[in-house]
Amino acid sequence: MGRGFAEILSGELQGSSLRWALQYRAVHAFDTSLGRRPVAPGISTESSGALAAGANQIVYGGFSAVNGILRASATEEDLATHKTIRVASASGPLRDGIFPVAEAITRQLGETHPFGTRNPRALRDFAAGLESSDPAGASQDFAQAAAADPDFGRAYVFWLDTAIAQRNRAEADRIVEQARTHRDRFSGIDRAELDLDAAGLRGDFPAQVEARRELARLDPADPNRHRALAEALMSVRDYDNAIVEFRRALSIRPGDAASLNVMGYAAAFSGDLPTAIRVLRGYEQLRPNEPNPLDSLGDVHFALGHFAEAEQFYLAAHAKSPGFLNGGEVLKAAQARLMTGDVTGSTALFNRFRTEREAAHDPNAAYHAAAWSWQTGGRRAAIAAMDRVARSDETGALHEIASRADAQTAIWMLDLGDRAGAVAHARKALAEAGPATSPVVALVALLAQPEALPEPAQSPLKDYARAYGLLLASQFRPAAQALDDLYRRPTNDLDDGLAVLLAWAYEESGEWRRAEPLLRLTPLPQASGLPIFSSLYFPRLFFLRGVVLDREGHRTEAARYYQIFRTLSGPDGAIWGEEQRAR
């Protein structure tokens with residue numbers, strides 16, 4: 001009954017437009033992440049979870065069964081002042097069970113919705129499943145709850161979640177099928193929760209977005225619903241609607257620093273720098289001693305082309321916490337200066353980064369130095385330096401760095417038209433690869449020698465292999481189709497360079513007007529160093545912006561971009577001949 005009262009009260013209060021009623025999973029998320037055993041209901045064991053989940057009020061109570069009468073009371077308390085807001089109580093014949101008493105208390109606490117079952121056996125099994133420390137036992141309990149009351153939607157939700165957590169796809173599919181025959185009698189929230197999980201099993205992301213949209217509509221006071229929808233919209237680059245949902249989440253929970261941070265990026269990617277700055281300054285006020293708000297401010301300025309400001313924010317983040325991102329803030333500052341065409345100034349910043357990494361005995365320091373040579377136009381020197389990195393420990397403890405170095409060299413050689421050299425380095429990369437580098441090394445090897453290796457069997461590796469292969473073969477029209485498909489897919493990588501690659505394919509296919517909006521944002525710099533395929537879009541971004549401006553009649557601005565492109569390309573042009581076109 002203890003867990004039963006808690007679940008009925010929180011379940012009947014769920015979906016209110018006036019307040020957010022925390023549910024079991026939110027209260028116990030911290031316990032689950034640490035692998036702790038489920039705890040019994042009660043203020044002593046669950047108040048910390050409620051606080052961590054963002055509660056500002058708490059309801060606690062007790063019950064007794066004496067002489068055939070069930071009595072229960074619940075006290076609602078303000079957590080900031082510890083003052084009692086109201087006390088609700090009810091009683092009834094014990095033979096009538098828990099439901100009439102629990103429902104009477106819930107009505108006194110506020111707006112209510114029917115709980116998913118009135119079957120005592122279903123409730124008992126459901127509570128047992130919640131408190132079970134054994135996933136297999138919990139699954140059996142939830143199955144029994146659903147069998148006792150086939151219309152109890154919440155039992156199916158938890159049963160399905162348990163199967164998914166155990167990676168039991170066959171059982172998960174069976175639960176979805178069984179729930180489908182009863183779903184019309186489930187609550188709207190339970191239907192949407194099941195739809196969300198079922199869409200995830202199918203890999204149907206649009207259906208997941210619609211399920212999240214429905215959950216945000218049905219449970220409007222839960223900020224997590226709006227935040228989850230906002231993040232899903234971000235992943236399909238629907239930044240304007242993501243901002244709307246972030247605002248709804250923050251109106252409920254203004255102190256959600258993570259939402260403020262991601263909303264700042266959404267605003268920037270939608271082109272609204274003032275809003276991005278305002279939101280991220282709010283994040284900074286919540287976390288004044290942390291470097292990440294400054295890093296985020298650097299990123300949003302970088303994305304929108306304000307490189308001098310980005311550099312200062314990155315350096316301020318580094319000053320606040322020199323160990324943050326392993327010193328990568330200085331590398332990002334160097335990249336920001338490089339975007340202005342100032343090779344000398346940016347290299348001075350890079351050398352500061354390199355000195356710090358060498359002092360920290362970072363085994364990647366030489367790799368970063370070789371990559372920087374490529375970025376600043378020393379392409380042949382970069383290849384020689386990266387080869388030295390690869391040969392320095394190709395069979396030792398750092399063989400994965402050697403593998404990545406050989407893979408990077410292979411890509412650069414493909415850019416310059418040296419396929420034989422690329423094949424040789426790709427083979428070495430394959431021989432040196434470990435678990436961390438194997439997927440990307442396999443992709444590089446396929447690009448270097450497509451006739452000798454099988455195509456990857458699974459997406460997205462297979463689809464990237466096709467898109468990059470078409471670009472390397474200068475087959476731009478089919479490349480545009482392949483890249484457009486990748487660009488439209490959901491992704492958590494907000495700086496993947498795909499927009500620039502798609503713009504390149506469009507421009508080369510004679511569709512430069514479609515390229516223009518894709519070039520408005522600048523791919524973000526990485527604190528971990530140069531992405532292995534970045535030579536496909538950097539410094540090409542400058543050339544493409546110059547081409548679009550040239551076609552629009554802005555010759556002076558175009559010439560500035562062409563000049564930066566030529567500077568960063570150096571004397572060794574790539575196979576596509578853009579260096580000559582830029583002259």
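All figures in this text were calculated on a predicted structure; none of them were measured in a lab.
In this structure, the ring of Phe115 has its center less than 6.0 angstrom from the ring center of Phe152. Taking the six-membered ring where the residue is Trp, the centroids of Phe533 and Tyr464 are separated by 6.0 Å or more.
Scored by the side chain to side chain contact (heavy atoms under 4.5 Å, CB included) test, Glu111 finds Ser16, Ser17, Leu18, His113 as partners (sequence neighbours excluded). The side chain to side chain contact (heavy atoms under 4.5 Å, CB included) test applied to Pro490 returns Phe205, Ser235, Val236, not counting sequence neighbours. Residues passing the salt bridge (charged side-chain N to carboxylate O under 4.0 Å, His left out) test with Glu511 are Arg477, Arg514, sequence neighbours excluded.
Shown are Glu245, Arg248, Arg212; of these, the side chain to side chain donor-acceptor pair (under 3.5 Å) with His226 is made only by Glu245. Considering Asp222, Leu196, Asn224 as possible partners of Leu215, the one that fulfils the side-chain contact (heavy atoms from CB on, under 4.5 Å) test is Leu196. Tested against Ser296, the residues Val279, Leu280, Val262 include a single side-chain contact (heavy atoms from CB on, under 4.5 Å) partner, Leu280.
For Arg86, the CZ atom counts as densely surrounded, since its 6.0 Å shell holds more than 12 non-hydrogen atoms of other residues, nucleotides or ligands. Within a 6.0 Å sphere centred on CZ of Arg202, other residues, nucleotides and ligands contribute more than 12 heavy atoms.
Between Asp195 and Arg191 there is no salt bridge, since none of the side-chain N atoms of the basic residue sits less than 4.0 Å from a carboxylate O of the acidic one. With respect to Arg174 and Glu177, no salt bridge is recorded, no charged nitrogen being found less than 4.0 Å from a carboxylate O. A salt bridge between Glu193 and Arg25 is present, with a side-chain N of the basic residue lying under 4.0 Å from a carboxylate O of the acidic one. Between Arg3 and Glu46 there is a salt bridge, with a side-chain nitrogen of the basic residue lying less than 4.0 Å from a carboxylate oxygen of the acidic one. Using a cut-off of 4.0 Å between Lys/Arg side-chain N and Asp/Glu carboxylate O, Arg217 and Glu214 are scored as salt-bridged. In this structure, Arg227 pairs ionically with Glu231, as a charged nitrogen and a carboxylate oxygen lie closer than 4.0 Å.
Note that CZ of Arg225 and CG of Leu229 are 11.5 Å apart. Values are rounded to the nearest 0.5 Å. Atoms CH2 and CD, on Trp159 and Gln140 in that order, are 10.5 Å from each other to the nearest 0.5 Å. Distance check, rounded to the nearest 0.5 Å: CG of Leu304 to CG of Leu273 gives 5.5 Å. Atom CG of Asp151 is separated from atom CZ of Phe186 by 7.0 Å, given to the nearest 0.5 angstrom. In this structure, the separation between CG on Asp485 and CG on Leu498 is 10.5 Å, given to the nearest 0.5 Å. Taking NE2 of His28 as the reference point, atom CG of Leu22 lies at 10.5 Å (rounded to 0.5 Å).
Side-chain atoms of Glu12 never come within 3.5 Å of backbone atoms of Ser10 as a donor-acceptor pair (strictly under, hydrogens ignored). Put simply, the side chain of Arg19 never gets that close to the backbone of Leu13: no donor and acceptor are under 3.5 Å apart. Side chain of Gln23 to main chain of Ala21: a donor-acceptor pair is present (N/O by atom type, distance under 3.5 Å, no hydrogens or angles). Formation of a donor-acceptor pair under 3.5 Å by the Arg169 side chain with backbone atoms of Leu201 is found in this model. Looking at Glu400, its side chain does come within 3.5 Å of a backbone N or O of Thr437 through a donor-acceptor pair. A donor-acceptor pair under 3.5 Å links the side-chain atoms of Gln108 to the main chain of Ser89, judged by distance alone. A donor-acceptor distance shorter than 3.5 angstrom exists from the side chain of Asn119 to the backbone of Ala148, with no hydrogens or angles considered.
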Pair Tyr283-Asn292, side chain to side chain donor-acceptor pair (under 3.5 Å): steps then yes or no:
CA-CA 9 Å; Tyr283 172 34; Asn292 198 60; 2.9 Å; yes

Given the rule in the side chain to side chain donor-acceptor pair (under 3.5 Å) test, do Gln166 and Ser139 qualify, once you have shown the distances and angles that lead to the verdict?
CA-CA 10 Å; Gln166 294 178 286; Ser139 181; 4.6 Å; no

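When all heavy atoms are compared, the tightest approach of Ala53 to Arg253 is O-NH1, 3.2 Å. What you find for Asp78 and Ala80 is that their closest heavy atoms are OD1-N, 2.9 Å.
Side chains of Ser132 and Asp141: a donor-acceptor N/O pair is absent below 3.5 angstrom, by distance only. If you check the side chains of Asp190 and Tyr156, you find no donor sitting under 3.5 Å from an acceptor.
Aromatic ring pairs are classed by plane angle as parallel below 30°, tilted from 30° to 60° and perpendicular above 60°; the pair Tyr24 and Phe158 is perpendicular.
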